[in-house]
Visitor: 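This structure is in structure tokens; I'll ask about it shortly.
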Amino acid sequence: MAGLRTVGAIALTLAVLAALHTDVTHMVAGAMAAMVATFAIREKDVRGQAVTLALGLPVALAAVSLAALLHSQVVAGDLFFIALIFGAVYSRRFGDRGTALGLIGFQIYFVSLFVSATVSSLPQLFATLGIAFACSAVVRFAVVPETPERVLGRLRDAFRARLAQLVDTQAELLDAEPDQLEKVLDYLRRGTARLHETALMIQGRLEEGTRDSATASLVQRRVADAEIAAERLGVLLLNSRSAERADTLTMHLPHAPVPAPSKRLYADDDATSTLRRDLSALHLLVARPVSGERGTALAHVRNRLLAYRDEDNLPRGSAAVQDVFRGIGEAARAVMGLRVALDGPQDESDDTPATTRSREELDAEDLAITGSEQDEDEEDDRTGLQRPTTRAAFQVAVGSSLAIVGGEFLSSQRWYWAVLTCWVVFLNTASTGEILVKGYRRLLGTVFGVVAGVALAGVVGNHTWTAFALVLVFIFAMFFTAPLSYALMSFFVTAMLGLLYTLLNTYSLDVLVLRIEETALGAACGIVAAVIVLPVHTDRRTDELLSTVLVRLGDVVSAAVEQLSGGPAVDLLDKARDLDTALDDLRASTKPLTHPITPLRVRRQTARYLVALLETCAYHARSLAATAELVPYSKTIAADPRLERAGVRIAHNIGVIDAHVRDEKTGGEVEAGASIASMLEADGTGALRSGTVTFRVLRHLQRLDEGVAGLARPLDVPVAGRRR
């Protein structure tokens, strides 16, 4: 959508400028200004977007005026450019609006350098910028409108599509041959991760995209239920296929050892046939929209799947296979809740007793949702040079100064390409390692983009509108590939610039080779600045985020266990989402450590293992939280005070590991020993009974206990009794 909106704004700007018989130079300036005015604004509500766009025009006019006035003043122009860069980065501390205005100021100044703006050309440039901003507003608010409600609606549809794809992959897992299992598992991991990403995106849009906090909480709860149920079903299917109980880590660690397959599912027995049929039915239930329902067939499918929540309705089979049927029943319940939350009340005329019971549980959960819940953003208590925006501003300013000096030696006319690269490699980065990887990717994309630019320039020749059409295609490709690959995005940017140079009649092979040299210089200057100016080493950054993840994990587990053992009800879903967000940040920060160019292979494997182990712990913590939220109003499960003992060891171990990561000399050791089940049964109350809350959460507690203890070895945390 961002790509369509940007391409639409550029196309409309070009059409208006062409109708006014504008020369090619100003058409290029207008196209670039329209692109900046569109992609810079990231606010979610329409009113905020309009205010920022209105404020962006005077900022753009001021930037182009100063660029023209300082055109012949080399030293003064360079000093102002550095000051502008510092201010543009520092303005990020003021939120989306500050970020957008800083970006507009910097990019428009860059456009002025690109088209060699002078004082005499200012009137026409002012008119061009006004047209570009007006066209951007028309496309944003009329042609391709983006309201919070529309965005949330698309994300909800995307979540359904991802959920359906994941169920389809799970069906493939059921029938995968041993030599295909690793490939299907890779698809399963990817599908689970994409579903999780979509859930996080929905979480970020709920506040603006729903009419009140109660509706937002309801949608959040139902999305979380569906995500947890789908992930749990995948784990159960993997376990049913394995000769021994499959390790949950297999679902989160790429290239993890594939569990030894069991022969029991290769035979086309009744249980396997029924599983195959029911997974197809679940896929139908997820994918079929409410508006497309006709007759009672879908209701009967839903009723059959929900009946598996009753132990008496489970088909015959091994314990692992029966677990899969239970998982299908829970997934069907989550899908029904999701459909009610997203599409409103459903027809209940064909409900069976099992379906009615599930609806009553969902209604009881809905009544527990209050409209008084509000998310509070955590304030960054760091000040001065420790504030990330301040540090980044100084780093970019120093790096840009180096890039200007070095760029002038390479070319007195194209030096600003080095500055642009230095600026870009600092965007959305927080450590030296991230800047290094981003600079490498930008250089790689630029090299291949230059080759493409050479070929395209020869093909296009003097065909102006053909070149503009290709520019629009490349801009859309730039936006479309940005979340997937920074190198690909850099490729399309460089190829587009080659076409723009062709339009400005300044194209030559020497210019494009200079582009590579300036890019390499800018990336090097950015890396040098990141290393010597207030550096944030990757290890320090990942340790900080790892500590945050551990704290969030401890919060979720402690609150869930307390509620499971009879404590007061709290909002566990918000705590679980805080954990997911922190884990997402950690995963991003470890990319420099896990990148293929990283020479330290052992370190790379350790980072991947740690993230996968934490993802496994987060999965079990989410499952605990989802079960704990059922306790206060469920008629079928009740709290068990014994569970409080189970949470003590897990909380202690998380605290010890967190203290070790923060380098606090506490002398604590991770406790390992008897299983959670044996701990609970040791109090003389007898074996655990099926149907109790303890029985439901025991597996999650055990896996969580093992996962937390497993973090000790790669982090070199002492374990009590390890020698024994």
Side-chain angles (χ1 to χ4, degrees), residues 185 189 192-193 231-232 234-235 238-239 242 244-260 542-543 545-558 560-561 576 579-580 582-583 586-587 589-590 593-594 601-625 646-662 666 668-679 697-724:
L185 269 177
R189 295 184 191 108
T192 303
E231 190 170 1
R232 178 171 180 262
V235 173
L238 179 61
N239 185 58
S242 307
E244 300 177 353
R245 186 171 297 281
D247 193 335
T248 318
L249 185 64
T250 306
M251 290 291 294
H252 300 101
L253 181 62
H255 311 299
V258 178
T542 53
D543 283 349
L545 293 175
L546 176 57
S547 177
T548 302
V549 171
L550 291 170
V551 170
R552 297 282 186 269
L553 179 63
D555 290 344
V556 175
V557 174
S558 298
V561 170
L579 169 61
D580 291 338
L583 186 54
L586 175 64
R587 189 184 300 110
S589 74
T590 58
L593 302 177
T594 59
R601 295 185 60 185
V602 175
R603 191 181 184 192
R604 180 170 65 206
Q605 293 168 353
T606 301
R608 285 177 176 170
Y609 178 76
L610 275 175
V611 171
L613 203 53
L614 286 168
E615 287 177 340
T616 299
C617 292
Y619 158 69
H620 292 294
R622 286 195 300 269
S623 301
L624 283 176
V648 172
R649 185 166 77 185
I650 298 175
H652 167 80
N653 289 345
I654 292 175
V656 169
I657 295 172
D658 181 36
H660 182 83
V661 170
R662 288 186 280 111
T666 61
E669 293 182 325
V670 169
E671 297 179 1
S675 68
I676 296 293
S678 62
M679 288 172 57
V697 304
L698 180 60
R699 182 177 302 166
H700 297 301
L701 283 169
Q702 183 64 44
R703 293 297 189 188
L704 188 58
D705 183 55
E706 295 169 355
V708 171
L711 292 170
R713 181 170 59 83
L715 294 174
D716 293 325
V717 182
V719 178
R722 169 169 283 178
R723 293 179 180 177
R724 295 192 300 270

Visitor: Using side chain to side chain contact (heavy atoms under 4.5 Å, CB included), reason through Leu614 and Leu711 one step at a time and then give a plain yes or no.
Guide: CA-CA 8 Å; Leu614 286 168; Leu711 292 170; 3.8 Å; yes
Visitor: I'd like to know if the side chain of His660 and the backbone of Leu715 have a donor-acceptor N/O pair within less than 3.5 Å.
Guide: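 Yes; judged by distance alone, with no hydrogens or angles, the pair exists.
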Visitor: Return the OG1 to CG distance between Thr548 and Leu553, rounded to the nearest 0.5 Å.
Guide: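 Answer rounded to 0.5 Å: 12.5 Å.
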Visitor: Flag the pair Arg703 / Thr616 as yes when at least one side-chain heavy-atom distance between them is below 4.5 Å, and no otherwise.
Guide: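 The answer is no, as the side chains (C-beta and beyond) never meet within the 4.5 Å cut-off.
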Visitor: Looking only at heavy atoms, which two atoms of Ala709 and Val670 are closest? And how far apart?
Guide: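 Between these two residues, the closest heavy atoms are CA-CG1, 4.2 Å.
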Visitor: What salt bridge (Lys or Arg N to Asp or Glu O under 4.0 Å) pairs are there with at least one residue in residues 613-624, not counting sequence neighbours?
Guide: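 Residue pairs with at least one partner in residues 613-624: Glu231-Arg622, Asp580-Arg622, Arg587-Glu615.
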Visitor: For Thr606 versus Pro714, what's the shortest heavy-atom pair and its separation?
Guide: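 Distance-wise, the nearest heavy atoms are CG2-CB, 3.9 Å.
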Visitor: I'd like to check Glu671 versus Asn653 (side-chain heavy atoms, cut-off strictly below 4.5 Å). Are they in contact?
Guide: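 Yes, close enough: below the 4.5 Å cut-off.
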Visitor: Kindly write out the residues that satisfy side chain to side chain contact (heavy atoms under 4.5 Å, CB included) with Leu545, not counting sequence neighbours, or none if the list is empty.
Guide: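 Expected list: Arg541, Asp585, Leu586, Ser589.
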Visitor: Please state whether the rings of His700 and Tyr619 are parallel, tilted or perpendicular, taking 30° and 60° as the class boundaries.
Guide: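 His700 vs Tyr619 ring planes: perpendicular.
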Visitor: Report the distance from atom CG of Asn239 to atom CZ of Arg232, rounding to the nearest 0.5 Å.
Guide: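 The distance works out to 11.0 Å.
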Visitor: For Leu546, run the side-chain contact (heavy atoms from CB on, under 4.5 Å) check against Ile657, Asp658, Leu583, Val661 and tell me which one passes.
Guide: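 Exactly one pass, corresponding to Val661.
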Visitor: Can you find a pair of side-chain heavy atoms, one from Leu610 and one from Thr590, that are under 4.5 Å apart?
Guide: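 They are not in contact (no side-chain heavy atoms under 4.5 Å apart), so the answer is no.
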Visitor: Heavy atoms only: give me the nearest Leu579-Ala621 pair and the separation to one decimal.
Guide: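 Smallest interatomic distance, heavy atoms only, reads CD2-CB, 4.2 Å.
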Visitor: Identify, with sequence neighbours excluded, every residue that meets side chain to side chain contact (heavy atoms under 4.5 Å, CB included) alongside Ala651.
Guide: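 By the side chain to side chain contact (heavy atoms under 4.5 Å, CB included) rule, Ala651 matches Ser558.
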